[in-house]
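Below is one structure, written out as structure tokens; the observations come after it.
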Amino acid sequence: MNDVLHRLVYYSRNRIAGPPEQIDVIIAHILEVSRRNNERVGVTGALMFNDGCFAQVLEGPTVAVEQTFERIQQDPNHGDVLLLACEPVTARAFDNWSMAYVGRSTAGAARYGGIAGSTGFDPVTLTANDLFEILHTLTLEEEEAPARQSA
Amino acid sequence: MDKDNFSDGGADPVARALADLAAGVIAVDPGGAIVLANPCAAGFFSPVDPVGLRLRTLFSLAGVADPESLAEAVEADGARIRLLDGRVLEARSRPASCGGQAITLIDVTRYVHETQRASRDPLTGLANRLEMSERIEALLSVHRRDPGSAALLVLDLDRFKAVNDTLGHPVGDALLVKVTERLRSAVRQGDVLARLGGDEFAVLLPERPQPAAVEALAARLVDLIGRSYVVAGHMANIGVSIGIALIPEDGEEAEKLLRHADLALYRAKSGGRGRYRFFSAGMNEAMEARRTLELDLRRAVALKQFEMVYQPQFDLEHNTLVGFEALLRWNHPVRGLVSPGEFVPLAEEIGLITSIGEWTLRTACREAAGWPREVSIAVNVSAMQFRSDASLLATVRSVLDATGLKPSRLELEITEGVLLNDTDRTLEILHALKALGVRISMDDFGTGYSSLSYLRRFPFDKIKIDQSFVSGSEDAHAVAIVRAVAALGASLGMRTTAEGIETHQQLARMRAEGCSEVQGYLTGRPMSAAAAAGILLEPAGPDDSPALHLASQKEFAA
Ligand SMILES: Cc1cc2nc3c(=O)[nH]c(=O)nc-3n(C[C@H](O)[C@H](O)[C@H](O)COP(=O)(O)O)c2cc1C
């Protein structure tokens with residue numbers, strides 16, 4: 001992993017049809033696959049699902065990020081993928097997460113609407129940096145949440 | 001001559017020839033054991049010594065894939081042997097007179113690689129155009145025995161050239177490889193993918209699903225290939241347009257099918273890119289019509305079927321004939337009169353406009369130079385002439401020189417399309433033309449963007465108000481626009497000409513709104529150069545102008 005690191009940020013529209021429970025199942029599966037695949041190639045990052053949109057940050061060796069993104073791009077579970085940024089970075093922000101998922105601890109609030117309420121998550125108007133910051137902050141919060149519970 | 005297997009050859013010329021042969025020769029005894037291998041044959045399998053082995057054992061020891069069945073095939077008749085190091089041998093076997101078999105081995109590596117390269121696109125590994133049309137032909141010949149249906153999609157990437165130009169060839173190539181992967185992920189096993197060239201791909205669906213499913217695939221490809229790419233750390237955005245031909249209804253030859261799919265693609269592209277279109281017979285007719293028009297147009301240039309006619313222009317202040325606009329006519333023996341609106345865009349597209357434009361300019365200037373009065377002569381110059389005729393300025397200069405026409409009599413009419421591209425260079429040419437003494441008018445004002453900034457960027461001598469505002473002069477908005485343009489012209493020191501005057505009423509209105517000149521059927525239809533000269537011979541003057549006699553005294557008294 002002496003390769004140059006790249007960070008990629010995109011958002012996309014959900015194309016998974018069906019009731020929320022079914023969407024949950026599919027997302028859980030996506031996460032499981034993502035964690036397995038990403039760990040293998042040294043990709044880390046975070047995924048957020050909210051209001052019919054996905055937002056994702058991927059970071060890792062350039063080629064690994066590129067290949068992972070290319071696979072994700074071909075996934076019919078989402079569409080209208082808008083690539084907000086893809087740039088070299090000096091360090092990872094999601095070092096500990098092969099794919100963090102934002103939405104777990106806030107799920108108690110009005111399902112996915114909770115995040116929208118608390119963060120004003122409207123990907124269309126967000127810049128890559130905003131999106132990255134939001135995902136980063138929320139990931140850290142969620143990281144702490146279970147830690148507090150167990151403490 | 002005591003090479004291992006040829007100890008019994010001695011000085012025998014046959015044995016010596018065998019030893020020197022560039023082809024491998026192996027003899028197998030009736031029991032299946034190799035009894036002889038010439039040096040060339042031994043060399044192919046080195047370090048394994050073939051003598052004493054069975055064919056299958058030899059193949060197996062030499063690391064050839066599937067030795068058993070290969071040996072069987074070779075013994076039966078012949079086969080290709082792919083050696084470990086990549087060399088390919090063509091093996092042929094013949095029964096030997098003394099029982100057993102004689103096998104020849106010829107190295108065909110070069111040939112095989114060449115044909116492979118010729119049918120595959122080296123970058124993407126997809127079939128190339130040749131291979132694709134062969135695959136289509138093969139499918140069609142199957143259909144002749146066993147009718148079936150299939151579909152052919154031809155894809156062309158949108159904006160690929162821009163990516164290639166900005167990010168460079170290596171990134172462009174890597175992008176093509178990614179596109180190929182996406183294509184592969186969307187088609188089914190058995191579908192044939194090809195790269196026809198550049199950024200053009202094709203998909204053959206030999207087992208055609210319902211048209212709805214073909215459409216679904218096309219829609220999926222438009223979506224999938226249009227998604228952004230990350231290539232070598234760069235973001236790249238391209239799209240794809242798709243043309244579809246159905247087999248057998250859209251053609252029963254590969255060539256025709258590819259052409260029809262291409263036609264549909266062309267339509268998809270001109271419909272705004274990122275779309276797919278099915279071929280329809282109408283497209284063919286439209287394209288046929290275009291093709292014959294193109295042929296006729298090329299012929300027209302050679303056969304000089306063009307002629308110039310001249311439409312008078314009148315000054316409203318002095319009620320005098322002040323000039324003519326030169327109009328191009330194409331008189332085709334069968335088509336009759338073809339309007340410039342019909343052939344000029346095509347002439348621009350196929351690059352004929354430069355020569356037609358030059359002919360127009362030369363003829364108009366020559367004929368006008370011979371007229372009895374020094375009235376102005378207006379000639380249209382298309383945007384394409386500015387773009388493609390690097391020497392427009394030189395052309396104008398040489399025409400003026402050759403015809404002896406005073407530069408001040410020549411008026412070049414340009415549309416705002418001229419100013420849309422490469423404005424600095426265009427302005428430079430316009431200023432240079434003006435420096436020659438030539439006048440410049442803005443034609444068809446009001447039809448396009450009609451940006452006022454164009455009028456500020458260049459000191460036009462005249463603004464020509466499009467005839468739609470004149471014919472619409474019953475409409476208050478049209479009148480308001482005419483008034484505004486006339487006022488604008490007056491304040492900028494530019495003359496204004498209202499075009500397409502057909503009624504006395506329109507004439508009166510244009511005069512009332514302050515236009516400086518008029519042109520139209522009412523005041524004079526386009527006429528031959530001789531007729532124009534004839535009119536100019538008649539005495540000039542407000543009430544003597546022949547065409548203006550058409551207008552009643554009442555209207556002109558104002
Ligand atoms: C919004 C979204 C995000 C995804 N993120 C990842 C990811 O980070 N890593 C990954 O390997 N697959 C991700 N996937 C799944 C891929 O699209 C694809 O299904 C998966 O990589 C296939 O892996 P497999 O070949 O191991 O089954 C994502 C899918 C979606 C819809």
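Below, chain A is the first sequence line, B the second, and so on; all start at residue 1.
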Flag yes if more than 12 heavy atoms outside [X] fall under 6.0 Å of its [atom1] atom; otherwise flag no.
X	atom1	answer
A/Glu39	CD	no
B/Glu181	CD	yes
A/Glu133	CD	yes

Is the shortest side-chain heavy-atom distance between A/Glu70 and B/Arg182 below 4.5 Å?
yes
If you define the side chain from C-beta out and look only at heavy atoms, does anything of A/Leu8 sit under 4.5 Å from B/Val230?
yes
Are any side-chain N or O atoms of A/Gln73 and backbone N or O atoms of B/Leu224, one a donor and one an acceptor, separated by less than 3.5 Å?
no
Can you name the nearest heavy-atom pair linking B/Arg227 to A/Gln74, along with the distance?
NH1-C, 4.3 Å
Which pair of heavy atoms, one from A/Glu66 and one from B/Gly233, lies closest together, and at what distance?
OE1-N, 3.2 Å
At a heavy-atom distance under 4.5 Å, which candidate from A/Pro76, A/Ser12, A/Pro88 has the highest pair count against chain B?
A/Pro76
